[in-house]
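I have placed the structure first, in the form of structure tokens, so that the comments after it can refer back to it.
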Amino acid sequence: MLSKNNLMNKEQKFNGIPSSPGIAIGRAVILKPETVVFPVEDVPAERIPDELSRFDKAVEDLVNEFTELVDKVKEEAGAVVSIIETNTLIISDKMLHAAVTDRINNGESAESAVVSEFDRQKQFFKHSNDVILRERAVDLDQIKQKLLSVLRRRSDMIDFPNNSIVVAQSLSPSDIIKFREAGVLAFITEIGGIASHASILARTFEIPAVIGVHNAVSMIINGDNLIVDGFSGLIFNHAEKKTLHDLVSRQSDYKKNQKALGKLAKLSSETKDGRRIKLQSNIDYLDDANSAAMVGAEGFGLVRTENLIISLQHFPSEEEQYNWYKQIADRAFPAIATFRVFDIGSDKHAEGMPRHEENPALGFRGIRFLLKRRDIFKSQIRAILRVSDHKNIRLMLPMISNIDEVLNSIKLIEQCKSELHQQKESFDAYIPVGVMIETPAAVMVADKLAELTQFFSIGTNDLTQYSLAADRSNELVADVYDAFHPSIIRMIKMTVDVAHKHKIPVGICGELAGHSASTSLLVGLGVDEFSVAPSALLETKKRIRETDCKIAIELAEKALNSSSHDEIKELLDMD
Ligand code: PEP
Ligand code: MG
């Protein structure tokens with residue numbers, strides 16, 4: 001890699017992993033972790049009282065938030081209550097409050113004072129011999145993050161100039177949503193994975209992105225003239241005319257190709273020899289419902305409802321959910337909209353989630369969280385049931401790893417139905433309930449799951465992560481994380497066979513469904529439904545229409561007999 005000092009105005013090239021296609025030309029905005037969080041400049045004396053009251057208000061808001069949370073969960077989750085109460089005690093601690101206040105009086109911003117003081121105390125607890133005190137360090141860190149996010153809610157964090165290209169160490173799904181609203185043109189990150197939720201959102205929003213660019217934050221300078229090539233994963237700084245010309249023409253070819261695909265929107269999704277494949281869309285954001293309808297999606301195979309939490313920055317009320325779901329359900333009608341209940345946790349964090357976790361992807365996520373927070377789960381089930389009266393709604397459970405999770409969810413759904421019935425609300429009494437097959441455990445007990453449910457949807461993003469023990473958000477294991485691994489292909493086949501034996505439909509809603517090399521293979525494995533991002537739908541339809549089932553089945557058989565992903569890739573002509 002080139003050094004930034006010796007080649008200031010010469011073309012520099014950085015290599016990364018392409019994670020969202022497209023070309024963007026703009027100016028770098030560097031987000032060092034601390035600049036995302038708080039302004040570093042000294043606060044002038046006249047602003048000190050404002051900073052003090054911002055801090056006091058943030059503490060007050062957080063204490064109220066914790067109190068409300070305790071009220072909601074006290075009957076059902078005693079362990080969670082004691083964690084929240086400990087957090088309330090910490091945040092109300094007079095000494096801690098005085099120490100932060102002192103720092104603000106000495107000219108630090110509220111955010112800076114919180115970070116400095118909490119980190120100082122954390123260091124002290126972290127090195128204690130006492131296990132309980134060491135836990136305190138974790139609590140302090142968690143509360144610090146909460147306070148910062150309350151403070152951030154109250155301040156206009158960053159004013160992005162036009163043509164901004166964000167360069168950061170890593171970005172969360174909520175950053176992507178926020179930065180998209182601010183008009184950011186492209187993203188460059190040092191860490192991340194192509195199947196992370198942040199990458200999925202960038203692709204959904206059609207914002208070019210490149211991940212895994214080593215030292216991007218230190219090598220690129222604020223204001224640098226960048227070109228991001230989301231096709232190849234290259235970043236150019238101070239590009240030469242020829243590079244610029246080549247990339248601009250590549251972008252225009254891409255756009256022409258996308259436009260040409262438009263004519264496929266009205267054509268049916270079927271193979272050359274007439275097998276119908278239901279081609280649906282994944283919905284991450286309300287706007288996607290319109291984009292999906294425009295490209296002719298046959299309904300929505302996965303609505304990631306937890307994105308509503310992330311964009312609102314709180315758990316939505318039943319009414320807020322009802323309004324959001326209703327718009328999506330109406331947009332899909334008469335086709336189906338599949339609402340996956342909140343798959344919060346892992347790389348999608350939300351306020352009110354109680355604990356810091358060492359391995360969040362293996363932790364308190366999806367159905368595990370919902371079954372502990374029945375108040376939240378019930379409000380969501382009720383909202384989904386209330387939009388189901390036109391009978392075009394399915395309800396899907398994420399992160400299932402055992403039968404009890406399904407049984408308990410169904411019990412709660414039935415309870416919600418009888419409450420709604422008593423309240424004379426109309427709903428679909430036979431709403432199909434399905435599960436995501438995204439853990440190896442779910443694959444192995446698929447026959448039992450099929451007895452309880454009406455459809456399967458294979459989540460290959462997580463199935464790959466959990467089967468290959470490779471974090472989907474970690475570029476260091478990007479070469480291990482591979483949905484074309486023979487184990488994944490075999491698990492898809494096992495799931496399809498079980499579903500068909502039980503006469504229930506099976507779809508794929510992971511990124512593999514929209515991959516340019518997978519279509520024929522998945523058709524050959526017998527998948528009934530594909531659900532892909534709206535931006536990938538027409539390309540996928542084109543490939544489905546080019547597929548010959550007989551050849552696809554032969555291809556699938558060969559893939560099932562392959563011993564390595566390299567063999568499978570050769571079979572599929574991938575480079
Ligand atoms: C998956 O895991 O494949 C999936 C579709 O769900 P998500 O990407 O939201 O985890
Ligand atoms: Mg998943």
Side-chain angles (χ1 to χ4, degrees), residues 19-20 172-174 176-177 192-205 280-285 288 292 300-311 337-350 360-370 394-401 405 434-443 455-474 481-485 487-489 491-492 495-496 506-515 518 522 527 529-537 540:
S19 93
S20 177
S172 68
S174 63
I176 303 286
I177 291 174
I194 53 167
S196 72
H197 285 110
S199 291
I200 291 173
L201 276 176
R203 286 195 288 277
T204 297
F205 297 149
Q280 303 177 314
S281 185
N282 290 349
I283 304 296
D284 278 279
Y285 212 60
D288 294 346
F300 309 146
L302 165 65
V303 181
R304 288 189 170 97
T305 59
E306 63 282 355
N307 286 340
L308 180 60
I309 305 173
I310 290 171
S311 47
T338 309
F339 289 97
R340 175 177 73 183
V341 291
F342 297 139
D343 188 13
I344 201 75
S346 192
D347 60 344
K348 286 183 174 171
H349 187 263
L362 301 180
F364 200 43
R365 175 183 175 187
I367 203 69
R368 303 168 181 185
F369 171 77
L370 289 171
R394 304 195 296 188
L395 188 152
M396 182 154 76
L397 307 171
M399 267 300 275
I400 294 298
S401 57
E405 291 161 341
V435 285
M436 298 228 21
I437 303 291
E438 53 183 350
T439 65
V443 176
F455 67 96
F456 283 168
S457 184
I458 307 175
T460 46
N461 304 337
D462 279 314
L463 187 59
T464 306
Q465 142 164 286
Y466 296 127
S467 304
L468 303 181
D471 184 345
R472 63 193 268 190
S473 305
N474 182 347
Y481 180 94
D482 187 346
F484 289 95
H485 190 284
S487 62
I488 308 301
I489 307 305
M491 281 193 262
I492 294 172
T495 308
V496 167
V506 55
I508 296 218
C509 59
E511 294 297 289
L512 183 66
H515 193 290
S518 74
L522 296 176
V527 173
E529 301 170 358
F530 285 45
S531 191
V532 302
S535 57
L537 194 131
T540 309

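Start at 1 and go down the list; that is how both ligands and their atoms are numbered.
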Completion exercise
Within less than 2.8 Å of the Mg ion (ligand 2), the count of protein N, O or S atoms comes to 2

Any chance you could measure [X], atom [atom1], to [Y], atom [atom2], to the nearest 0.5 Å?
{"X": "I492", "Y": "S518", "atom1": "CD1", "atom2": "OG", "value": "8.5 Å"}
{"X": "R340", "Y": "E306", "atom1": "CZ", "atom2": "CD", "value": "4.5 Å"}
{"X": "I200", "Y": "N461", "atom1": "CD1", "atom2": "CG", "value": "4.5 Å"}
{"X": "I508", "Y": "H515", "atom1": "CD1", "atom2": "NE2", "value": "13.0 Å"}

Identify all N/O pairs between ligand 1 and the protein with a separation under 3.5 Å and present them as a table of atom names and distances.
unit_1: ligand 1; atom_1: 2 (O); unit_2: E438; atom_2: OE1; d: 3.0
unit_1: ligand 1; atom_1: 2 (O); unit_2: D462; atom_2: N; d: 3.0
unit_1: ligand 1; atom_1: 2 (O); unit_2: D462; atom_2: OD2; d: 3.0
unit_1: ligand 1; atom_1: 3 (O); unit_2: G459; atom_2: O; d: 3.3
unit_1: ligand 1; atom_1: 3 (O); unit_2: T460; atom_2: N; d: 3.1
unit_1: ligand 1; atom_1: 3 (O); unit_2: N461; atom_2: N; d: 2.7
unit_1: ligand 1; atom_1: 3 (O); unit_2: N461; atom_2: ND2; d: 3.3
unit_1: ligand 1; atom_1: 6 (O); unit_2: R340; atom_2: NH1; d: 2.9
unit_1: ligand 1; atom_1: 8 (O); unit_2: H197; atom_2: NE2; d: 3.3
unit_1: ligand 1; atom_1: 8 (O); unit_2: R304; atom_2: NH2; d: 2.9
unit_1: ligand 1; atom_1: 8 (O); unit_2: N461; atom_2: ND2; d: 2.9
unit_1: ligand 1; atom_1: 8 (O); unit_2: R472; atom_2: NH2; d: 2.7
unit_1: ligand 1; atom_1: 9 (O); unit_2: H197; atom_2: NE2; d: 2.8
unit_1: ligand 1; atom_1: 9 (O); unit_2: R304; atom_2: NE; d: 2.7
unit_1: ligand 1; atom_1: 9 (O); unit_2: R304; atom_2: NH2; d: 3.4
unit_1: ligand 1; atom_1: 9 (O); unit_2: R340; atom_2: NH1; d: 3.1
unit_1: ligand 1; atom_1: 9 (O); unit_2: R340; atom_2: NH2; d: 2.8
unit_1: ligand 1; atom_1: 10 (O); unit_2: H197; atom_2: NE2; d: 3.1
unit_1: ligand 1; atom_1: 10 (O); unit_2: R365; atom_2: NH2; d: 3.2
unit_1: ligand 1; atom_1: 10 (O); unit_2: D462; atom_2: OD2; d: 2.9
unit_1: ligand 1; atom_1: 10 (O); unit_2: R472; atom_2: NH1; d: 2.8

Exercise for the section: Kindly write out the residues that satisfy side-chain contact (heavy atoms from CB on, under 4.5 Å) with A292, not counting sequence neighbours, or none if the list is empty. Expected result: S281, I283, A297, F300, P534

Handout entry: Check: D482 main-chain N/O paired with T464 side-chain donor or acceptor under 3.5 Å
Key = no

Practice task
Just jot down the salt bridge (charged side-chain N to carboxylate O under 4.0 Å, His left out) partners of D471, sequence neighbours excluded, or say none.
Solution key: none

Exercise for the section: State, to 0.1 Å, how close M396 and S457 come at their nearest heavy-atom pair, and which atoms those are. Expected result: SD-CB, 3.5 Å

Handout entry: Verdict with supporting geometry, D462 and R365, salt bridge (Lys or Arg N to Asp or Glu O under 4.0 Å)
Key = CA-CA 12 Å; D462 279 314; R365 175 183 175 187; 2.8 Å; yes

